[in-house]
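Letters go in sequence order (proteins before strands), and every chain restarts at 1.
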Protein chains: 2
Amino acid sequence: MRPALSITEPKQSLGAVAYREIYRRIMTLDFEPGQRLEEKRLMAQLGIGRTPIREALMHLSDDFMVESHPKAAVIVRPITIQNTRATFAALKVLEAGVVELAMRQEISAMLPELEAANHAVKAAIARMDIIELVEANSRFHHAFARCSLNEYIVNCLHKVRCETNRLAYLSYGNEIDPDRSLQTHYRSVIREHDTIIETLKKRDENRLKKTILQHVNTFQQRIIRYMAS
Amino acid sequence: MRPALSITEPKQSLGAVAYREIYRRIMTLDFEPGQRLEEKRLMAQLGIGRTPIREALMHLSDDFMVESHPKAAVIVRPITIQNTRATFAALKVLEAGVVELAMRQEISAMLPELEAANHAVKAAIARMDIIELVEANSRFHHAFARCSLNEYIVNCLHKVRCETNRLAYLSYGNEIDPDRSLQTHYRSVIREHDTIIETLKKRDENRLKKTILQHVNTFQQRIIRYMAS
DNA sequence: TTAAATATATACTTGACATATATTGTATGG
DNA sequence: CCATACAATATATGTCAAGTATATATTTAA
């Protein structure tokens, strides 16, 4: 039996702590795209030794959040048109795959998490808390991905989501579209999330796939408009 | 200008060396599923320090080739029915995705590599060199995945392929089906590979997708028969 | 069978060294 | 005088070694 402490603090490794913290700073653009991440600096900033820092950087590299240039430098991955295109292309393939797989699985265990995340998204929008919005939205899509019960797909979507989260921070921080306002966008997101849960419960494969792809498009159009501006 | 040595030996890091060597031993079932991999042992066996060994084990864990039990042990990932099912499910989603993406890309640069790997597969079959067969087949499918020009998909398929390679070694090492012989299986593989290249060149999306999924099925059926025996 | 004590391997730290890369500085040629 | 190429330097990374603390697994005892 583990001590009660473990319930709230699963005694995560320092490597995991470093990953989370650097991840957060990259996501929130505190560490800007292209910026160099030096081990010594990170050690000082996070108060953590070199071993877990290097471990975290390796994992971030696996997740395509940083680029590793051996013997030279680790830099925050630049945001480019090409990368963004590839991100959305992968997103469509994988989310559609989730739908196909989820329809052949028992997924009732995932629903509470999905609905909790959905609720958190709505609350964050109501409070206009962008950081929490992106994180709750990330949890929602992670829970959705897990409906595939396929660790490969879940893992790959995690990496794609690292990038979409960064894009979300980028675009939500700026009002970019005078016609179709941010509020209108949020309403679309909420409506689509609700529809996703609804069709998932009904196991309506065609409508679910259509909704998911539309949901990706809703976001993609926003990003395209952002990058064009 | 780099020394001539770099052309053949790109001066890979010891971490990469360790990864490759442990990967090879897992793939060839020299390290058996479930077997524990101790750092000290690996250090002695490979003559490499602890840092790159740990780095390699982390990457192998990312690739689902080993399971990491923090503070306890790293073990070679067991081969189970469930994992195998998930592997093939992901394979079908991702390979179909590759087809969709490849059809909208300029992929002529990938064709030489595809054809070279295909040739190597045929040669390995002719020589009945199972190790080279699996590796050449792996290169073929890696080249095919790269036709998507999508690093997320390529990366995910790499992980899936780690598992399918292991399954291939497992099944090719044993004659398991008296009716449908190993030679018949090889002939199917060769025919399907040829068709894949052919339809890729012709950009015949429907036929390519059909062929790829059939190719996956050809292998899956063999594995199912193997596991049933 | 459960619980306590022990042993071992991992997670992490510190310090050090070699090397590859980037940077600076120098020299040569246009 | 400027630009290019080359040489020297500095710095950060890759790797090793040794040691500490701790968590897990194992053994022992109850």
Side-chain angles (χ1 to χ4, degrees), chain A residues 1-23 25-26 31-32 34-62 65-78, chain B residues 1-23 25-26 31-32 34-62 65-78:
Chain A
M1 180 85 183
R2 292 188 172 179
L5 177 72
S6 295
I7 296 171
T8 50
E9 295 268 342
K11 188 56 179 228
Q12 53 199 346
S13 72
L14 288 181
V17 172
Y19 174 89
R20 260 194 261 280
E21 187 55 24
I22 300 173
Y23 175 94
R25 297 190 189 190
I26 291 176
F31 288 158
E32 295 176 16
Q35 178 178 338
R36 181 170 181 179
L37 300 181
E38 296 172 49
E39 293 175 1
K40 216 183 299 180
R41 236 179 123 76
L42 294 171
M43 286 169 67
Q45 285 184 15
L46 306 187
I48 290 177
R50 210 174 159 201
T51 304
I53 292 289
R54 286 176 61 82
E55 181 183 330
L57 290 178
M58 280 172 46
H59 278 132
L60 290 164
S61 178
D62 285 328
M65 296 191 71
V66 304
E67 279 179 8
S68 178
H69 300 252
K71 266 291 190 180
V74 170
I75 67 169
V76 178
R77 185 168 215 237
Chain B
M1 182 78 184
R2 291 189 172 179
L5 178 72
S6 292
I7 296 172
T8 49
E9 295 267 342
K11 186 59 178 219
Q12 53 200 346
S13 71
L14 288 180
V17 172
Y19 174 89
R20 258 194 260 280
E21 185 55 25
I22 300 172
Y23 175 93
R25 297 191 189 188
I26 292 175
F31 288 159
E32 294 177 16
Q35 179 179 336
R36 181 171 181 179
L37 300 181
E38 296 172 49
E39 295 175 0
K40 216 182 301 179
R41 236 180 122 77
L42 293 171
M43 286 168 67
Q45 285 184 14
L46 305 187
I48 291 178
R50 210 168 163 207
T51 305
I53 292 289
R54 285 175 64 80
E55 182 183 329
L57 290 178
M58 281 172 45
H59 279 131
L60 289 164
S61 179
D62 285 328
M65 296 190 70
V66 304
E67 279 179 8
S68 178
H69 300 252
K71 269 289 190 183
V74 171
I75 67 169
V76 178
R77 184 167 215 236

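- The NZ-P distance, from A:Lys71 to D:dA10, rounds to 17 Å in whole Å.
- Partners of B:Glu32 by side-chain contact (heavy atoms from CB on, under 4.5 Å), not counting sequence neighbours, listed by chain and number: B:Gln35.
- At least one side-chain heavy atom of A:His69 sits under 4.5 Å from a side-chain heavy atom of A:Ile75.
- Between B:Arg36 and A:Gly47, the residue whose closest nucleotide on DNA chain C is further toward the 5' end is B:Arg36.
- For the pair A:Ile48 CD1 and C:dC12 C1', the computed distance is 11 Å after rounding to whole Å.
- Interatomic distance, CD1 of A:Ile53 versus CE of A:Met43, reported as 7.5 Å (0.5 Å rounding).
- If you measure from atom CD of B:Glu39 to atom P of D:dA17, you get 14 Å, rounded to the nearest angstrom.
- Note: CD1 (A:Ile53) to P (D:dA12) measures 15 Å, nearest angstrom.
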Dot-bracket pairing map - DNA chain D, Watson-Crick plus G-U, both contacts under 3.5 Å, | cross-strand: ||||||||||||||||||||||||||||||
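- To the nearest 0.5 Å, atoms CG (B:Leu60) and CZ (B:Phe31) are separated by 10.0 Å.
- Per the geometry, CE belonging to A:Met58 stands 12 Å off C1' belonging to D:dG14, to the nearest Å.
- To the nearest 0.5 Å, atoms CG (A:Leu57) and CZ (A:Arg50) are separated by 11.0 Å.
- Contacts of B:Leu14 classified as side-chain contact (heavy atoms from CB on, under 4.5 Å), with partners at least two apart in sequence or in another chain: B:Ile48, B:Pro52.
- Regarding A:Ile75, its CD1 atom lies at a distance of 13 Å from the P atom of D:dT13, rounded to whole Å.
- Residues satisfying the ring pair (Phe, Tyr, Trp, His ring centres under 6.0 Å) test with A:Tyr23, not counting sequence neighbours, are A:Tyr19.
- Computed from coordinates, the B:Glu38 CD to C:dA9 P distance equals 6 Å when rounded to whole Å.
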Shorter than 3.5 Å, N or O on both sides, protein versus nucleotides 14-16 of chain C: list them out with atom names.
residue	atom	partner	partner atom	Å
C:dA16	N6	A:Arg50	NH1	3.2

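- When the nearest nucleotides of DNA chain C are assigned to A:Ala72 and B:Ser68 by heavy-atom distance, the more 5′-ward of the two goes with B:Ser68.
- Going from atom CG of A:Leu57 over to atom C1' of D:dA12 covers 13 Å, rounded to whole Å.
- By the 4.5 Å heavy-atom criterion applied to side chains, B:Ile26 and B:Val66 are counted as neighbours.
- For the salt bridge (Lys or Arg N to Asp or Glu O under 4.0 Å) test, residues two or more places apart in sequence or in another chain that qualify with A:Glu21 are A:Arg24, A:Arg25.
- Distances shorter than 4.0 Å separate some side-chain N or O of A:Arg54 from OP1 or OP2 on D:dG14.
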